[in-house]
Amino acid sequence: MSVDQREQQWLSRISKGDRSALEELFREYYTPLVRFAYSKLQDSELAEDVVQEVFVKLWNIRENIKINTSLKSYLYTATKNLSLNEIAKVKRHAELNEVYVQKQEQAPEPMSEEDRRIWDERIREAIAELPPRCQEVFKLSRFEGMTYQEIADHLQISPKTVENQMGKGLSLLRKSLAAFIELCWLGWLLSFPLFPFS
């Protein structure tokens, strides 16, 4: 059976909801796609996440999928695009961190005790809603004062993964707290160990 015929069979079976076809496709392309993603991201854990997301998205659109090129080309293009998105996220996170540092010198007047209690409670809730790895990285950075490298060593992951998890965590916190606080004010709050955790 030629490659094109095999790809067409995979696509046909996947479009009909055949999970075994997706698993076969996954086994065929997962490792080379991870290597491809790693060449762009230089982060093995993030590369694996990106490739897994490619297959999840393929499955989610299975009933309406239209591929004009080969299935292999489609997978590589999707992996490249998601990798570039992750690189852009890291860049945006670095830019936001720079803004936060600049805003520290323009911090608002201290809160009243009642306001502080309300903020304590709301931020605790928001942090508790973070995914486990994001929450762990966030607490080690903001409440333990650890550097990205120290967190990476402690959790046995790469510094880039730490940076990615922090970016994801801050993004989720901004959305969760959007009704309460503006972005720069949030950046100032999260820059100080105001909320001790046991």
Side-chain angles (χ1 to χ4, degrees), residues 1-100 130-138 141 147-149 151-153 155-176 183 187:
M1 183 184 298
S2 70
V3 174
D4 287 344
Q5 288 176 323
R6 187 171 56 163
E7 287 187 352
Q8 287 301 320
Q9 284 196 2
W10 274 329
L11 275 176
S12 176
R13 290 166 59 197
I14 288 170
S15 68
K16 295 173 183 175
D18 186 344
R19 288 183 177 273
S20 65
L22 183 70
E23 291 169 3
E24 291 171 17
L25 186 67
F26 184 86
R27 285 195 298 270
E28 178 78 13
Y29 288 113
Y30 178 75
T31 299
L33 285 173
V34 168
R35 283 198 297 265
F36 178 66
Y38 179 82
S39 71
K40 299 184 177 303
L41 299 165
Q42 298 300 304
D43 183 322
S44 57
E45 185 174 329
L46 187 54
E48 291 175 1
D49 288 346
V50 162
V51 174
Q52 288 168 14
E53 187 175 350
V54 167
F55 283 96
V56 168
K57 287 188 173 184
L58 176 65
W59 180 254
N60 287 341
I61 64 170
R62 64 188 179 278
E63 294 178 359
N64 301 308
I65 189 168
K66 293 180 181 178
I67 296 178
N68 297 321
T69 59
S70 70
L71 181 55
K72 180 179 179 180
S73 295
Y74 172 86
L75 293 173
Y76 273 87
T77 299
T79 300
K80 180 184 74 173
N81 291 339
L82 284 179
S83 296
L84 293 176
N85 287 346
E86 290 299 327
I87 292 170
K89 286 179 188 177
V90 170
K91 183 179 179 181
R92 284 197 300 271
H93 174 50
E95 291 171 348
L96 285 172
N97 270 347
E98 186 176 342
V99 171
Y100 293 161
L130 292 175
R133 178 51 63 89
C134 279
Q135 188 177 147
E136 185 176 25
V137 168
F138 183 88
S141 173
T147 65
Y148 283 8
Q149 185 61 58
I151 296 171
D153 293 340
L155 298 178
Q156 297 184 328
I157 58 179
S158 73
K160 279 184 175 286
T161 298
V162 174
E163 187 173 5
N164 182 63
Q165 290 296 321
M166 276 297 296
K168 182 178 180 181
L170 287 170
S171 176
L172 291 171
L173 285 173
R174 284 196 299 273
K175 291 176 183 177
S176 179
L183 178 60

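For the numbers below, each heavy atom of this structure counts, side chains included, while hydrogens, waters and symmetry mates do not. Fair warning: this is a prediction, and the values are worked out from it, not measured in the lab.
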In residues 31-42, what donor-acceptor pairs under 3.5 Å come from side-chain atoms, sequence neighbours left out?
unit_1 : atom_1 : unit_2 : atom_2 : d
Ser39  : OG     : Phe36  : O      : 2.5
Gln42  : NE2    : Tyr38  : O      : 3.2
Gln42  : NE2    : Ser39  : O      : 3.3

Please report, to 0.1 Å, the donor-acceptor pairs under 3.5 Å made by any side chain of residues 56-66, with sequence neighbours excluded.
unit_1 : atom_1 : unit_2 : atom_2 : d
Lys57  : NZ     : Glu53  : OE2    : 3.4
Asn60  : ND2    : Val56  : O      : 3.4
Arg62  : NH1    : Trp59  : O      : 2.7

Going by heavy atoms in the side chains, are Leu46 and Ser158 under 4.5 Å from each other? no
Pairwise side-chain contact, Pro131 with Gln165, heavy-atom cut-off 4.5 Å (strictly under): no
Would you compute the distance between atom [atom1] of [X] and atom [atom2] of [Y] and round it to the nearest 0.5 angstrom?
X     : Y      : atom1 : atom2 : value
Leu82 : Thr77  : CG    : OG1   : 11.0 Å
Ile87 : Asn164 : CD1   : CG    : 11.0 Å
Tyr76 : Thr69  : OH    : OG1   : 13.0 Å
Glu86 : Lys160 : CD    : NZ    : 11.5 Å

Donor-acceptor under 3.5 Å ([X] side chain, [Y] main chain):
X      : Y      : answer
Ser171 : Gly167 : no
Glu7   : Leu71  : yes
Ser15  : Ser12  : yes

Suppose we screen for side-chain contact (heavy atoms from CB on, under 4.5 Å). Which residues come up paired with [X], at least two apart in sequence or across chains?
X     : value
Glu45 : Asp43, Asp49, Arg133, Ile157, Thr161
Ala78 : Val54
Phe26 : Tyr30, Phe55

What do the steps show when you test Leu75 against Leu25 for side-chain contact (heavy atoms from CB on, under 4.5 Å), and what is the final call? CA-CA 10 Å; Leu75 293 173; Leu25 186 67; 4.2 Å; yes
For Gly169 and Leu130, the nearest pair of non-hydrogen atoms, with its separation, is O-CD2, 3.7 Å
If every non-hydrogen atom of Val50 is compared with every non-hydrogen atom of Ser83, which pair is closest and at what distance? CG1-OG, 3.8 Å
Could you pull out all residues at least two apart from Ser70 that satisfy side chain to side chain donor-acceptor pair (under 3.5 Å)? Ser73
For Phe138 and Leu170, what are the C-alpha separation, side-chain angles and deciding distance, and is it a side-chain contact (heavy atoms from CB on, under 4.5 Å)? CA-CA 8 Å; Phe138 183 88; Leu170 287 170; 3.9 Å; yes
